[in-house]
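Scroll down for the structure; my scribbles are underneath it.
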Amino acid sequence: HKVVPVLASGSRAGATSRRKGWVRLLAALNHPLVQGVLALALFVTLFFPDLWVIGNPTNDADIVLNSVLLLFFGIFTAEIVATSLAQDGYLFSAFFWMDCIGTLS
């Protein structure tokens, strides 16, 4: 076992720096650029499949559609994991389950 010194305040040494890392992650998730990418991902996943059907590409081109949707599935999954780590109270909350259901659908 690794010995972790306890500070006078009762918290463990290093806990503050770890918490600052989660705060930075949460700040990054709330950055307008990240929120813009997530909004674009949502828009693409909602409308791209229908536009794909309207465009009527060959079946050989379906790999493009599947690749784009898989990429955004990964982005949504990463956002759920990152938010679960960085935001207190998110894990197993109603918003967590709505994000999971939305990502899986």
Side-chain angles (χ1 to χ4, degrees):
H1 291 321
K2 181 180 175 184
V3 176
V4 178
V6 176
L7 302 175
S9 65
S11 64
R12 295 180 180 263
T16 303
S17 64
R18 281 194 298 267
R19 185 68 196 145
K20 285 182 183 177
W22 296 132
V23 169
R24 282 191 296 251
L25 177 60
L26 187 58
L29 287 169
N30 290 325
H31 190 275
L33 180 63
V34 173
Q35 290 299 308
V37 168
L38 291 170
L40 175 67
L42 179 61
F43 180 79
V44 169
T45 56
L46 287 175
F47 298 109
F48 191 53
D50 293 329
L51 295 173
W52 190 265
V53 171
I54 292 170
N56 198 22
T58 65
N59 287 341
D60 294 337
D62 283 349
I63 189 72
V64 173
L65 172 67
N66 293 333
S67 298
V68 168
L69 293 177
L70 185 61
L71 170 71
F72 288 130
F73 176 80
I75 289 172
F76 288 134
T77 302
E79 189 241 347
I80 290 170
V81 170
T83 305
S84 295
L85 292 171
Q87 185 174 335
D88 292 333
Y90 174 77
L91 188 61
F92 303 121
S93 69
F95 291 109
F96 170 82
W97 292 116
M98 285 189 296
D99 287 344
C100 288
I101 291 168
T103 298
L104 291 174
S105 68

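Because the structure is a prediction, the values reported are computed rather than measured.
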Check your understanding: Under a single-linkage definition using a 4.5 Å side-chain heavy-atom cutoff for Ile, Leu, Val, Met, Phe, Trp and Tyr, are L104 and W97 assigned to the same hydrophobic cluster?
Key -> no
For residues 59-70, please give each side-chain donor-acceptor pair under 3.5 Å, one per line with the distance, not counting sequence neighbours.
{"residue": "D62", "atom": "OD1", "partner": "W52", "partner atom": "NE1", "Å": "2.9"}
{"residue": "N66", "atom": "ND2", "partner": "D62", "partner atom": "O", "Å": "3.3"}
{"residue": "S67", "atom": "OG", "partner": "I63", "partner atom": "O", "Å": "2.7"}

Review point. Applying salt bridge (Lys or Arg N to Asp or Glu O under 4.0 Å), which residue pairs with at least one partner in residues 47-56 are found, sequence neighbours left out?
Key: none
Point to revise | Polar side-chain atom of S105 near backbone of G102 as donor-acceptor pair, under 3.5 Å | key: yes
Review point. Between OG1 of T83 and CG of L26, what distance do you get to the nearest 0.5 Å?
Key: 7.5 Å
Check your understanding: Which other residues end up in the same hydrophobic cluster as L33, if Ile, Leu, Val, Met, Phe, Trp and Tyr are linked when side-chain heavy atoms come under 4.5 Å apart?
Key -> none
Check your understanding: For S93, which residues count as a side chain to side chain contact (heavy atoms under 4.5 Å, CB included) partner, sequence neighbours excluded?
Key -> Y90, F95, F96
Point to revise | CG-CG distance between L25 and L85, expressed to the nearest 0.5 angstrom | key: 7.0 Å
**Study point:** Residue pairs, two or more places apart or on separate chains, that pass ring-ring contact (aromatic ring centres under 6.0 Å, His included) and touch residues 62-87
**Key:** none
Can you give me every donor-acceptor pair (side chain of residues 35-49, partner residue at least two apart or in another chain, under 3.5 Å) with its distance?
{"residue": "Q35", "atom": "NE2", "partner": "L29", "partner atom": "O", "Å": "2.6"}
{"residue": "T45", "atom": "OG1", "partner": "A41", "partner atom": "O", "Å": "3.0"}
{"residue": "T45", "atom": "OG1", "partner": "L42", "partner atom": "O", "Å": "3.0"}

